[in-house]
Amino acid sequence: MSGVLKRSVTIGGHRTSFSLEAAFHTELERIAAKRATSMSALIAEIDAARDPATNLSSAIRLFVLADLKARLAGG
């Protein structure tokens with residue numbers, strides 16, 4: 001099992017950080033590449049859509065999970 005790594009990104013002109021396991025970060029990179037977008041843009045999209053009660057790290061994990069479920073369902 002991989003450890004949790006803290007990463008920083010700029011969203012809307014301000015720096016923020018999130019913590020993800022390597023496996024989630026790898027999947028997030030795959031999704032960004034599939035969409036032909038940058039990691040910063042994808043994370044900004046996730047940040048804008050998340051429930052304010054959910055922290056960014058959790059929102060990213062849930063986004064990756066939803067993408068995986070959609071792929072498994074053929075979507």
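Please read these numbers as outputs of a predicted model, since none were measured by experiment.
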Taking atom [atom1] of [X] and atom [atom2] of [Y], what is their separation to the nearest 0.5 Å?
| X | Y | atom1 | atom2 | value |
| --- | --- | --- | --- | --- |
| Ile60 | Thr54 | CD1 | OG1 | 12.0 Å |
| Thr37 | Glu45 | OG1 | CD | 7.5 Å |
| Arg61 | Leu28 | CZ | CG | 11.0 Å |
| Ile43 | Phe18 | CD1 | CZ | 3.5 Å |
| Ser57 | Ile46 | OG | CD1 | 11.0 Å |

Contact between His25 and Met39 at the side-chain level, heavy atoms closer than 4.5 Å - yes or no? yes

Would you say the side chain of Phe63 lies within less than 4.5 Å of the side chain of Ile31, judging by non-hydrogen atoms? yes

In chain order, what residues pass the side chain to side chain contact (heavy atoms under 4.5 Å, CB included) check against Arg50, with sequence neighbours excluded? Asp47, Leu56, Ala59

Go through the structure and list residues passing side chain to side chain contact (heavy atoms under 4.5 Å, CB included) with Ala33, not counting sequence neighbours. none

Please enumerate all residues that pass side-chain hydrogen bond (donor to acceptor under 3.5 Å, both in side chains) together with [X], with sequence neighbours excluded.
| X | answer |
| --- | --- |
| Glu29 | none |
| Lys34 | Asp67 |
| Ser58 | Asn55 |

Do you know the tightest heavy-atom contact between Glu21 and Val4? OE2-CG2, 3.4 Å

Can you name the nearest heavy-atom pair linking Ser17 to Lys6, along with the distance? OG-CE, 3.1 Å

Solution key, residues 9-16 side-chain donor-acceptor pairs under 3.5 Å, sequence neighbours excluded:
unit_1: Thr10; atom_1: OG1; unit_2: Arg15; atom_2: NH1; d: 3.0
unit_1: His14; atom_1: ND1; unit_2: Ile11; atom_2: O; d: 2.7

